[in-house]
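Nothing here was measured: the structure is a model prediction, and the numbers come from that model.
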Amino acid sequence: MEILQYDFMVRALLAIVAMSLFAPLLGVFLILRRQSLMSDTLSHVSLAGVAFGLLLGISPTITTLIVVVLAAILLEYLRTVYSDFLEVATAILMSLGLSVALIVTSKSGGANSVNIDQYLFGSIVTISNTQVILLFVMAAVILVLFLLFIRPMYVLTFDEDVAFVDGLPVRLMSVAFNVVTGIAIALMIPVAGALLVSAIMVMPASIALRLARSFKTVMLISVVLGFIGMVSGLLISYYASTPASASITIVFVFMFILMFVYKRLTIKNK
């Protein structure tokens with residue numbers, strides 16, 4: 001309980017609660033839609049938004065949101081054009097985002113390079129009250145959207161043709177999902193870092209998909225695992241003096257290994 005004596009740890013725990021409410025949910029849809037790489041792509045592209053914000057002297061959050069939303073819309077376009085080679089399109093967009101970030105950073109001075117490093121690796125213990133509030137607002141928005149549109153998203157995720165026949169606005173829903181995912185990633189970048197934010201979204205969901213049998217159970221388990229993994233990683237980071245985002249990622253990998261061993265033993269016993 002001693003960690004609750006420090007304001008920065010309280011903010012970190014609150015940020016974890018907020019992220020665990022929406023990041024794994026988005027991760028489930030990303031995996032089922034075979035768009036796991038989208039989280040990586042958008043997180044890398046977000047660095048270009050950060051670089052532009054630092055260069056122009058305005059809030060990096062604003063420029064990151066703009067860049068990520070545009071990239072999310074472009075990704076949906078590429079998904080329709082290159083449906084059989086989407087991984088190539090995402091790789092190109094990821095490389096473009098990193099290249100732009102490096103060029104802009106090189107033109108803006110060494111001090112901004114340090115700031116870019118902070119966004120690259122994240123720092124959950126240096127987040128502000130405003131960032132925590134934004135994460136909870138994002139969590140509330142995604143949960144409301146989830147409750148309102150879970151059935152249409154379920155149909156869209158598993159069969160776009162059926163969704164189209166049912167009269168659902170397939171293209172609009174796909175773009176909206178990409179945009180919401182992009183905004184969520186942009187808000188998570190200062191906390192988790194561009195390199196590791198996809199792990200927080202995808203790892204709990206991938207474990208839950210192997211453990212649960214129903215769609216709603218997968219959602220519930222992914223949220224629980226996301227919360228447990230992030231809290232455990234934060235505690236390890238505090239007592240071992242290691243980077244929080246890296247510690248959280250290692251915990252998720254360890255949880256994935258445990259799940260794999262459990263499934264193998266279960267199969268053998270049968």
Side-chain angles (χ1 to χ4, degrees), residues 15-43 72 75-76 79 86 135-136 138-163 166 168 170 173-174 176-185 187-188 192 196-233 248-267 269-270:
I16 280 176
V17 171
M19 289 190 297
S20 67
L21 290 175
F22 68 84
L25 297 180
L26 294 175
V28 171
F29 284 108
L30 286 173
I31 294 175
L32 294 177
R33 287 167 59 85
R34 298 185 178 181
Q35 290 182 299
S36 300
L37 281 178
M38 189 178 80
S39 57
D40 254 333
T41 302
L42 294 180
S43 62
L75 271 176
E76 178 58 27
R79 190 176 75 89
L86 183 60
L135 287 173
F136 271 103
M138 190 74 247
V141 170
I142 289 178
L143 288 175
V144 170
L145 292 175
F146 173 75
L147 293 174
L148 293 176
F149 300 105
I150 181 173
R151 186 187 178 281
M153 279 301 300
Y154 179 87
V155 176
L156 177 69
T157 298
F158 286 97
D159 197 326
E160 288 193 5
D161 293 332
V162 173
D166 284 349
L168 296 176
V170 173
M173 290 176 61
S174 294
F177 173 76
N178 287 2
V179 170
V180 170
T181 302
I183 294 174
I185 289 174
L187 295 178
M188 292 170 63
L196 300 174
V197 68
S198 61
I200 293 177
M201 301 182 72
V202 174
M203 290 296 290
S206 63
I207 298 171
L209 284 168
R210 293 287 293 170
L211 294 177
R213 295 184 179 272
S214 69
F215 185 69
K216 291 183 179 180
T217 307
V218 168
M219 293 290 188
L220 178 61
I221 292 178
S222 65
V223 170
V224 173
L225 291 177
F227 176 77
I228 294 174
M230 282 188 275
V231 171
S232 301
I248 291 171
T249 302
I250 293 297
V251 169
F252 281 137
V253 172
F254 181 71
M255 292 170 67
F256 186 86
I257 294 173
L258 286 180
M259 179 275 298
F260 179 79
V261 172
Y262 167 76
K263 295 294 289 186
R264 295 289 294 181
L265 291 176
T266 303
I267 294 174
N269 290 334
K270 289 182 179 180

Pair V28, T157 - check side-chain contact (heavy atoms from CB on, under 4.5 Å), show working. CA-CA 10 Å; V28 171; T157 298; over 6 Å; no

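- By the ring-ring contact (aromatic ring centres under 6.0 Å, His included) test, F215 is found to be paired with F29, Y154, residues two or more places apart in sequence or in another chain being considered.
- Residue R210 holds its CZ atom at 8.0 Å from CZ of F260, rounded to the nearest 0.5 Å.
- With sequence neighbours excluded, the residues satisfying side chain to side chain donor-acceptor pair (under 3.5 Å) with S198 are D40.
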How far apart are the C-alpha atoms of M203 and M255, what are their side-chain angles, what is the distance that settles it, and do they pass the side-chain contact (heavy atoms from CB on, under 4.5 Å) test? CA-CA 9 Å; M203 290 296 290; M255 292 170 67; over 6 Å; no

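- The shortest side-chain heavy-atom distance between V202 and F252 does not fall under the 4.5 Å cut-off.
- Across all non-hydrogen atoms, the minimal contact from A205 to M201 is CB-O, 3.9 Å.
- Within the 4.5 Å cutoff, side-chain heavy atoms of S174 are placed close to those of R33.
- Note that the CG atom of L156 and the CG atom of L32 stand 11.5 Å from one another [nearest 0.5 Å].
- Within the model, atoms CG of N178 and CD1 of I185 stand 9.5 Å from one another, a figure rounded to the nearest 0.5 Å.
- Contact between A199 and P204 at its shortest, heavy atoms only, is O-CD, 3.5 Å.
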I'd like a table of donor-acceptor pairs (distance under 3.5 Å, sequence neighbours excluded) in which one partner is a side-chain atom from residues 216-233, with atom names and distances.
unit_1, atom_1, unit_2, atom_2, d
T217, OG1, S214, OG, 2.4
S222, OG, V218, O, 3.1
S222, OG, M219, O, 2.7
S232, OG, I228, O, 2.7

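- Taking CG of L26 as the start and CE of M19 as the end, the distance is 12.5 Å to the nearest 0.5 Å.
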Can you give the donor-acceptor pairs under 3.5 Å from side chains of residues 138-149 to other protein atoms, not counting sequence neighbours?
none

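- F22 places a side-chain heavy atom less than 4.5 Å from the side chain of M188.
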